[in-house]
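Beneath this line is the structure, given in structure tokens, with notes to follow.
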Amino acid sequence: MSGESNLPLFDARVRRELYDQRVLVLDGPLDDDNGTLLATQLIALAAHDASTDIALWIHSPGGSVPSMLAIRDIIRLIPCDVSTLVLGIAYSAGQFLLSSGARGKRRALPHSRVLMHQGSAGIGGTAVDIELQAGDLRHTRDTVLGLIAEDTGQPVERIFEDSLHDRWYTAREALDYGFVDAIVQDFDEIAPRNRPRLGFDVTEGAGQ
């Protein structure tokens with residue numbers, strides 16, 4: 001039996017079709033490349049239509065903190081709402097983007113899982129370097145935890161305590177905590193609306 005799969009790949013063509021329907025997908029780790037791509041796609045879609053929602057679907061184990069902060073900044077900057085949906089997992093940076101969506105439009109599939117933690121980073125070099133890096137990491141940590149508190153409605157003290165160790169949430173628990181606003185019960189809640197094709201393409205390289 002061949003090891004090759006005959007199943008269709010989630011390739012640039014599929015992403016392009018979803019993009020035309022104002023749906024963006026983060027599948028896999030968030031890095032500088034796909035983070036920049038998602039940010040520019042959000043800007044392009046908002047410039048094309050400032051009143052229609054954009055959907056961000058998430059299945060991610062986490063990734064780049066600078067990229068997730070940049071995407072959240074764009075979500076808050078553009079005039080249209082960005083709805084978010086966790087397809088399977090939204091861990092770490094995935095959780096951050098999930099809860100960054102427009103209030104009332106953040107959703108989870110019934111058996112999805114959410115993970116919150118503070119993350120980690122390597123520190124090395126001279127004593128002075130280590131002190132500077134530690135200070136920057138504390139600043140970034142406090143910024144991220146403060147934004148999670150803002151998005152979930154939880155006190156920042158609780159966010160800090162709950163994020164000290166890996167903590168997984170079921171869809172129901174994620175709803176109760178404030179990461180999402182609803183658990184998907186009906187296809188119409190997440191079905192993309194057909195949109196006319198744009199005259200330019202910023203999807204090249206997605207997922208690479």
How far does [atom1] of [X] sit from [atom2] of [Y], to the nearest 0.5 angstrom?
{"X": "Leu87", "Y": "Leu26", "atom1": "CG", "atom2": "CG", "answer": "9.5 Å"}
{"X": "Phe179", "Y": "Thr152", "atom1": "CZ", "atom2": "OG1", "answer": "6.5 Å"}
{"X": "Asp73", "Y": "Leu42", "atom1": "CG", "atom2": "CG", "answer": "11.5 Å"}
{"X": "Thr84", "Y": "Leu97", "atom1": "OG1", "atom2": "CG", "answer": "8.5 Å"}
{"X": "Ser64", "Y": "Asp32", "atom1": "OG", "atom2": "CG", "answer": "4.5 Å"}
{"X": "Ile71", "Y": "Leu24", "atom1": "CD1", "atom2": "CG", "answer": "9.5 Å"}

hydrophobic_cluster_shared for [Y] and [X], side chain cutoff 4.5 Å:
{"X": "Trp168", "Y": "Leu164", "answer": "no"}
{"X": "Tyr91", "Y": "Met116", "answer": "no"}
{"X": "Val86", "Y": "Leu56", "answer": "yes"}

With side-chain contact (heavy atoms from CB on, under 4.5 Å) as the criterion, how do Asp181 and Arg103 come out once you've worked through the C-alpha distance, each side chain's angles and the decisive distance to 0.1 Å? CA-CA 7 Å; Asp181 306 298; Arg103 191 65 63 90; 3.7 Å; yes
If you define the side chain from C-beta out and look only at heavy atoms, does anything of [X] sit under 4.5 Å from [Y]?
{"X": "Ile78", "Y": "Ile54", "result": "yes"}
{"X": "Ile43", "Y": "Ile74", "result": "yes"}
{"X": "Leu45", "Y": "Tyr19", "result": "yes"}
{"X": "Pro192", "Y": "Trp57", "result": "yes"}
{"X": "Val144", "Y": "Leu69", "result": "yes"}

Does the side-chain contact (heavy atoms from CB on, under 4.5 Å) test come out yes or no for Arg141 and Phe160, once each step is laid out? CA-CA 9 Å; Arg141 178 203 64 192; Phe160 180 85; 4.0 Å; yes
Decide yes or no on salt bridge (charged side-chain N to carboxylate O under 4.0 Å, His left out) for Arg167 and Glu173, but give the supporting numbers first. CA-CA 11 Å; Arg167 185 181 291 267; Glu173 291 167 341; over 6 Å; no
Does Asp27 come within less than 4.0 Å of Arg15, counting only side-chain N to carboxylate O?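 Salt bridge: yes.
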Do Tyr169 and Leu115 pass the side-chain contact (heavy atoms from CB on, under 4.5 Å) test, and can you show the C-alpha distance, the side-chain angles, and the key distance before you say yes or no? CA-CA 6 Å; Tyr169 299 81; Leu115 164 69; over 6 Å; no
Hey, is the main chain of [Y] close enough, under 3.5 Å, to the side chain of [X] for a donor-acceptor pair?
{"X": "Ser60", "Y": "Gly28", "value": "yes"}
{"X": "Glu161", "Y": "Glu157", "value": "no"}
{"X": "Arg106", "Y": "Ser100", "value": "no"}
{"X": "Asp31", "Y": "Ser67", "value": "no"}

Please assess Asp162 against Tyr177 for the test side chain to side chain donor-acceptor pair (under 3.5 Å), listing each intermediate value before the final yes or no. CA-CA 11 Å; Asp162 290 346; Tyr177 201 86; 2.7 Å; yes
My understanding is that only one of His117, Gln118, Gln95 makes a side chain to side chain donor-acceptor pair (under 3.5 Å) with Ser163; could you say which?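 Considering His117, Gln118, Gln95, a side chain to side chain donor-acceptor pair (under 3.5 Å) with Ser163 is found only for Gln118.
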Closest contact, heavy atoms only, [X] versus [Y]:
{"X": "Thr170", "Y": "Arg113", "value": "CG2-NH1, 3.2 Å"}
{"X": "Asp49", "Y": "Cys80", "value": "O-SG, 4.1 Å"}
{"X": "Asp186", "Y": "Asp188", "value": "OD1-N, 2.8 Å"}
{"X": "Pro61", "Y": "Ile89", "value": "N-CD1, 4.0 Å"}
{"X": "Ile58", "Y": "Ala90", "value": "CG2-CB, 4.1 Å"}
{"X": "Pro110", "Y": "Ile183", "value": "CA-CG2, 3.8 Å"}

Any chance you could lay out the side-chain contact (heavy atoms from CB on, under 4.5 Å) test for Leu85 and Glu189, step after step, and finish with the verdict? CA-CA 10 Å; Leu85 168 69; Glu189 296 176 45; over 6 Å; no
Would you check, one step at a time, whether the test salt bridge (charged side-chain N to carboxylate O under 4.0 Å, His left out) holds for Arg172 with Asp176? CA-CA 6 Å; Arg172 180 71 240 183; Asp176 293 339; 2.9 Å; yes
